[in-house]
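Below you'll find the structure, written out as structure tokens, and then a few comments.
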Amino acid sequence: MSYWLLKSEPAGFSIDDLARSPGRTTAWDGVRNFQARNFIRDGMKIGDLAFFYHSSCAEPGIAGIVKIMRTAYGDATALDRASEHFDARSSSDEPIWYVVDVRLERKLARVLTLEKLKQHAASSLSSLPLLKRGNRLSVMPVTKHDWDFILALE
DNA sequence: GCCAACGTTGGC
DNA sequence: GCCAACGTTGGC
């Protein structure tokens, strides 16, 4: 079993939006970066856990934990001309972009802020991609060590 | 709104 | 395959 971190802008889709979704489950759609796509398509397995990270907002940080409920399948928004995520190169037979289904496990009592995480950037969390300079990946792996360390900060 | 960092595109 | 131009991300 593996651990991950998923970024979302709460103005677009927040952890509360997920909490209100049917079955507290959603397809994690709209990923349009190949490295992130590969993590989704090739790495994520049912039962894996991921941090739900709020980006581009007043208080960036980890807002909760989700579980992978279904492995990768084609991202329907890539086929929808009306969607901002439409991509004419993708088709249902040969998808370019993929989603997994995720279910909310729990919200953190309070957002574990980026500021807090950064306090450990030079030591315990030095391998966390999120804290690497210039990192923009919206989907990234988290080691078990980092996962456990971050949860202990809660 | 600014800007650094980085991915993608497209001409050659 | 190179690389400049461009677009996007995301913290501040």
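Proteins get letters first, then strands, A, B, ... in listed order; numbering begins at 1 in each. All values below come from the heavy atoms of this structure, side chains included, with hydrogens, waters and symmetry mates left out.
A 4.5 Å side-chain heavy-atom check between A:Y53 and A:S8 finds every atom pair outside the cut-off. Contact of the A:P60 side chain with the A:S55 side chain is not registered, since no non-hydrogen atoms from C-beta on lie closer than 4.5 Å.
For A:F13, there are no ring-ring contact (aromatic ring centres under 6.0 Å, His included) partners, not counting sequence neighbours.
Contact check of residues 130-142 of chain A against DNA chain B (heavy atom, cut-off under 4.0 Å) returns A:R133, A:G134, A:R136. DNA chain C lies under 4.0 Å from at least one heavy atom of each of the following residues of residues 112-127 of chain A: A:L114, A:K118.
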Could you tabulate the donor-acceptor pairs under 3.5 Å formed by side-chain atoms of residues 36-46 of chain A, not counting sequence neighbours?
residue: A:R37; atom: NH1; partner: A:I96; partner atom: O; Å: 2.8
residue: A:N38; atom: OD1; partner: A:R41; partner atom: NH2; Å: 3.4
residue: A:N38; atom: ND2; partner: A:F34; partner atom: O; Å: 3.4

Considering only distance and modelled atom types, tabulate donor-acceptor pairs under 3.5 Å from the side chains of residues 64-78 of chain A, sequence neighbours left out.
residue: A:Y73; atom: OH; partner: A:D101; partner atom: OD1; Å: 2.5
residue: A:Y73; atom: OH; partner: A:D101; partner atom: OD2; Å: 3.4
residue: A:D75; atom: OD1; partner: A:T77; partner atom: N; Å: 2.8
residue: A:D75; atom: OD1; partner: A:T77; partner atom: OG1; Å: 2.6
residue: A:D75; atom: OD2; partner: A:G30; partner atom: N; Å: 2.9
residue: A:D75; atom: OD2; partner: A:R32; partner atom: NH1; Å: 3.0
residue: A:D75; atom: OD2; partner: A:R32; partner atom: NH2; Å: 3.4
residue: A:D75; atom: OD2; partner: A:T77; partner atom: OG1; Å: 3.3
residue: A:T77; atom: OG1; partner: A:R32; partner atom: NH2; Å: 3.0

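Of the listed residues (A:D146, A:L6, A:L112, A:I150), just one forms a side chain to side chain contact (heavy atoms under 4.5 Å, CB included) with A:F51, and that residue is A:I150.
In this structure, A:R37 reaches neither bases nor backbone, as no heavy-atom distance under 4.0 Å exists between it and the strands shown.
Aromatic pair A:F52/A:W4: centroids not less than 6.0 angstrom apart.
The backbone N or O of A:S123 lies less than 3.5 Å from a partner atom in the side chain of A:S126, making a donor-acceptor pair.
The aromatic rings of A:F149 and A:H145 lie parallel to each other, with less than 30° between the two planes, well short of the 60° mark.
Of all nucleotides in DNA chain B having an atom under 4.0 Å from a heavy atom of chain A, the first and last in 5' to 3' order are B:dA5 to B:dT9.
Nearest approach of A:T25 to A:S21, heavy atoms of both residues: O-CB, 3.5 Å.
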